[in-house]
2 protein chains.
Amino acid sequence: MTKHKDNKTEEQILEAAQKIFQAKGMDGARMQEIADKASINKAMLHYYYRSKQLLFEAVFKKAFALLAPQLNAILNDDSSLEDKIKNFTHNYISFIIKHPYLPNFIIQELNRNPKFIEKIKNNVAFPSIDKFKLQVQKEVKNGTIVSISAEQLFINILALNIFPFVASPLIKAFANVDDKTYKRLLEARKKEVSDFIINAIKK
Amino acid sequence: MTKHKDNKTEEQILEAAQKIFQAKGMDGARMQEIADKASINKAMLHYYYRSKQLLFEAVFKKAFALLAPQLNAILNDDSSLEDKIKNFTHNYISFIIKHPYLPNFIIQELNRNPKFIEKIKNNVAFPSIDKFKLQVQKEVKNGTIVSISAEQLFINILALNIFPFVASPLIKAFANVDDKTYKRLLEARKKEVSDFIINAIKK
DNA sequence: ACATTTGTTAACCAAACGGTTAAACTAAAT
DNA sequence: ATTTAGTTTAACCGTTTGGTTAACAAATGT
């Protein structure tokens, strides 16, 4: 061991930063607030992460590294298309219910700074659509599903799974449902969404 | 006329504020930057709108008032369900291509402050889902579409239409497409999305 | 035992921030 | 021509912000 104390403080900081950044975004977060939540002196944030930007990047990368493997399941798994859609939809919605801030955080911050994705590509295992593309093309050729491009299907799958979490305040207002009812709707989507997609592409 | 000059300045401010707020959000926007973009003195912002918060609210309300009637088309139009989906999808995507910042701005700021929707409800014509609900229930009963709740169908329609604009940096990265290709994909969705939805609910 | 590195703190700093002030300017009203 | 009300500006203000400093404490190496 080169360090005498274990990295408890460093982890506390990252955890606190995660909560604050995900709730308020890069611009809305305050270093003092993160320090308070971590119950340490503000100078420690800079001691361990040098700057707000670098602390933010550490949080973002960690969040992204949590999300990316989920998406990998639909792009590079070996199962059939129908199984993939069923499994992904069920697993992904379960996953996000446990991390409700995640998709919005990532989408929001990528919109704020789209170039950021390049930095991520070098650090986090990044799924590719190639395999999924071949699979969809094959099924279209075989006539088992309607004619659709892999990209459009991919967008549709992501949209139906992620959007309800990202736009929840908007949907709640328009659909006129309270928090409890909305949670029930999301829970039901674990099954509803895959039925919807499979129906949409089945011939 | 009680005022000698027309409200040119006030409009310039609102226009500049719109651009800055929609690009950077409430927290990321700077009053000085808005003033610069409007080519006026910073004090004028406060002369006309008193505070950053009130200026932001003016921008948000204007944006929301632009979006709400669009959603009204799917909820309260008199046409058949199939026509509605076709028309809404085509019109909405055309509309957003012209205002690409809009959905993300509204979603982002509503997530930052969900209570804000209450303020809006009192100021902007707010569509209700009731009529759409009856229509869907009727079609399900008649057996013309599969069993689905109006709320889930509404969420799916919104998701498929809005998400590709909100999450474009994410999708571009995962689907590995450049800006030009992505624009073509969005254009194609004007037809693709309605086909997808109608196929999904048709018996 | 002592020197060195690592961890932690309170106090501090310059810059940026939203907002204010007071004076100058403009144009319609009397 | 003078008053009056609305508009615009430069300079200013108090606070908050991310970040630094220097001194101190604790652990490690020799």
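Note that the structure is a prediction, hence the values are computed from the model and not measured. Proteins come first, then strands; the chains are lettered A, B, ... in the order of their sequence lines, and each starts at number 1.
If you measure from atom NZ of B/Lys8 to atom C1' of C/dT26, you get 14 Å, rounded to the nearest angstrom. One can place CG of A/Leu45 at 15 Å from P of C/dG7, the figure rounded to the nearest angstrom. When rounded to the nearest whole Å, the span between CD of A/Glu10 and P of C/dG7 equals 9 Å. The nearest whole Å value for the distance from the CD atom in B/Gln12 to the P atom in D/dT7 is 14 Å. As rounded to whole Å, 14 Å separates atom C1' of D/dG18 from atom CG of A/Asn41. Atom CD1 of A/Ile40 and atom P of C/dT9 are 7 Å apart (whole Å). Straight-line distance from the CD1 atom of A/Ile13 to the P atom of C/dG7: 11 Å, rounded to whole Å. For B/Met44 and C/dA24, the CE to P distance is 18 Å, given to the nearest whole Å.
Ring to ring, B/Phe60 and B/Phe116 are close: their centroids are under 6.0 angstrom apart.
Residues B/Asn113 and B/Glu109 have side chains that never bring a donor and an acceptor to within less than 3.5 angstrom of each other.
Residue B/Tyr47 has no polar side-chain atom (N or O) positioned under 4.0 Å from OP1 or OP2 of D/dG6. For B/Thr9 and D/dT7, the shortest distance from a side-chain N or O to OP1 or OP2 is not below 4.0 Å.
Of all heavy-atom pairs spanning B/Ile148 and B/Val136, the tightest one is O-CG1, 3.7 Å.
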*Give the C-alpha distance, both sets of side-chain angles, the deciding distance and a yes or no for ring-ring contact (aromatic ring centres under 6.0 Å, His included) between A/Tyr101 and A/Phe165.*
CA-CA 8 Å; A/Tyr101 277 106; A/Phe165 295 94; over 10 Å; no
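Considering B/Lys183, B/Lys190, B/Lys191, B/Arg189 as possible partners of B/Glu187, the one that fulfils the salt bridge (Lys or Arg N to Asp or Glu O under 4.0 Å) test is B/Lys190.
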*Heavy atoms under 4.0 Å is the rule here; annotate nucleotides 12-19 of chain C 5' to 3' with B where the base is hit, S where only the sugar-phosphate is, and - elsewhere.*
-----SBB
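Remark: A/Arg112 is positioned above the aromatic ring of A/Phe56, its terminal NZ or CZ atom under 6.0 angstrom from the ring centre and at most 45 degrees off the axis.
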